[in-house]
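I have placed the structure first, in the form of structure tokens, so that the comments after it can refer back to it.
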Amino acid sequence: MVDSLLPAQEQLAILTDGVDTVMPQEALLEKLRLGRPLRVKLGVDPTAPDVTLGWAVVFRLLRRFQDLGHTAVLILGDFTALVGDPSGKSETRKRLSEQEVSAYAASCLDMIKDVLSEERLEVRPNSEWLGTMDMHQLLELTSTTTVARLLERDDFAKRFAAQQPISLIEFMYPILQAMDSVAVKADIELGGADQLWNLLMGRQVQSRFDQEPQVAVTVPLLVGTDGTRKMSQSYDNYISIREAPEEMFGKVMSVPDEAMEQWFLLAAGYSESDAASVASEVSNGTRHPGDTKRLLAREIVTIYHGAEAATEAERAFDRLFKDHALPKDIREIVVPASMEGEVFVPALLAEAGLVSSNGEGRRMIKQGAVKLDGVRIEVERLPKADVVGKVLQVGKRRFVRIA
RNA sequence: GCCGGGAUGCCCGAGCGGCCAAUGGGAGCAGACUGUAAAUCUGCCGGCUAUCGCCUACGGAGGUUCGAAUCCUUCUCCCGGCACCA
């Protein structure tokens, strides 16, 4: 527990390093000067079961607030998830079922605790207040804004202009989540850069409810492993914070060079100046990009699994991609009884889960992607005796040992 | 309620009676190159099958036809316009 808070200026420096926007700028310092623990809201909509490195960026910022003695107020958007946040969407969002939401919420909450401290943490499901609102209260809430204002928002504006549908329920989303700020009396709200508009709506609604409006603080959106689109489970370009060390290391290594600076800053937690200096050393040739990416991978794995696991992950990586040796732990499968005598390799690959169908297995063989103990195979059928005890491999990183 | 337009493979998007498992692009996968980067080149990209081929698939259900993603009927959903109500 922190008894006395750091001077406001110092806190400000710590809290705003690497953030995207603070709005309004001066208000954050003023709030910090109050000298009391601030209530820092972060709303999470459990719309997917996994917490990604991208999502972790904002959690890690929240953690910074906690470490400085402030209170993290985590809003579990169990109610709003049913509505569906239209942010950044160019089309109507599908809604989730209650069962999905509660399952996702449980797993996310569990994972979030890897990043947040359990001290100075409040978790509040927004169904608590949104789910019990009556029509009067709802109407009162809707009177805090106007259609014109809602239409100012980029994605709505575009859809409106393009004559795409905007459902009323989506229109409600911004004010519903703004209501969360009122309910928890937020001093500050954090979010991704795409959430800024929503966070500002929170200010507006708070002041209508005679509360001091919150300060909006947003973090940049981390690009995914493809280096272009934002990291998202729906694009399958993400790394889960629970990803196994070797997987995590490998995936980081596949991130394009251009994204490295951003990843140092957002995923590895480097300060703006450190991230920038690493990047400039790469671009002026003082640092080798490949080695730098190793450093990045090590840093990230260290955050979630510890230094030892990171070293181990790097070793495993080298074994595979530098020494072209086999990984240490390989899953074993037994040859199905139906393949006594002669083994139909594509089916065996499918059985082992290395490919999704016999046809794909067959294609992989044809393309020279299948190796048995490191030796490329060209035929689909082999005597069972030839495969038993050996390692079957598809591509660079899918292996099974045949028992 | 009426009139018109639309629904195609992971996504976008052609096709508009047989030559369509369905052009093209994107994503993805594999190979070469390499730093599991980028760029580039090559191949693959519904399932089963050694091959011939078979099956499933063009929103759902029926129908016409030797033959349908393509025509007809109907249903569902979307998009526009008009009307109705206020």
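Note on naming: letters A, B, ... go to the chains in the order of the sequence lines (proteins, then strands), and numbering restarts at 1 for each one.
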Among all residues two or more places apart in sequence or in another chain, which pass the side chain to side chain donor-acceptor pair (under 3.5 Å) test with A/R398?
none
Contact list for residues 38-58 of chain A, test ring pair (Phe, Tyr, Trp, His ring centres under 6.0 Å), sequence neighbours left out
A/W55-A/F59
Going by salt bridge (Lys or Arg N to Asp or Glu O under 4.0 Å), name the pairs with one or both residues in residues 7-30 of chain A, residues two or more places apart or in two chains.
none
Side-chain N,O (A/R229) to OP1/OP2 (B/A27) below 4.0 Å:
no
Quick one: side chain to side chain donor-acceptor pair (under 3.5 Å) pairs with a partner in residues 248-259 of chain A, sequence neighbours left out?
A/E243-A/K251, A/D257-A/K293
Salt bridge (Lys or Arg N to Asp or Glu O under 4.0 Å) contacts touching residues 360-374 of chain A (sequence neighbours left out)
A/R362-A/E380
Tell me, which pairs form a salt bridge (Lys or Arg N to Asp or Glu O under 4.0 Å) where one or both residues lie in residues 207-225 of chain A, sequence neighbours left out?
none
Using a 4.0 Å cut-off on heavy atoms, which residues in residues 266-294 of chain A reach RNA chain B? List them by number, or say none.
A/P289, A/G290, A/K293
With salt bridge (Lys or Arg N to Asp or Glu O under 4.0 Å) as the rule and sequence neighbours excluded, what pairs involving residues 137-152 of chain A come up?
A/R149-A/E152
When the nearest nucleotide of RNA chain B is assigned to A/R381 and to A/V394 on a heavy-atom basis, which residue is associated with the more 5' position?
A/V394
Which residues pass the side chain to side chain donor-acceptor pair (under 3.5 Å) test with A/Q367, not counting sequence neighbours?
none
For nucleotides 52-57 of chain B, which of its nitrogen or oxygen atoms have a protein nitrogen or oxygen under 3.5 Å away, and what is each distance?
none

Close approaches to RNA chain B from residues 345-370 of chain A, in residue order (heavy atom, under 4.0 Å):
A/S357, A/N358, A/G359, A/R362, A/R363, A/M364, A/Q367, A/G368, A/A369
Sort and list the pairs that fulfil ring pair (Phe, Tyr, Trp, His ring centres under 6.0 Å) and have at least one residue in residues 244-281 of chain A, not counting sequence neighbours.
A/F249-A/F317, A/F264-A/Y270
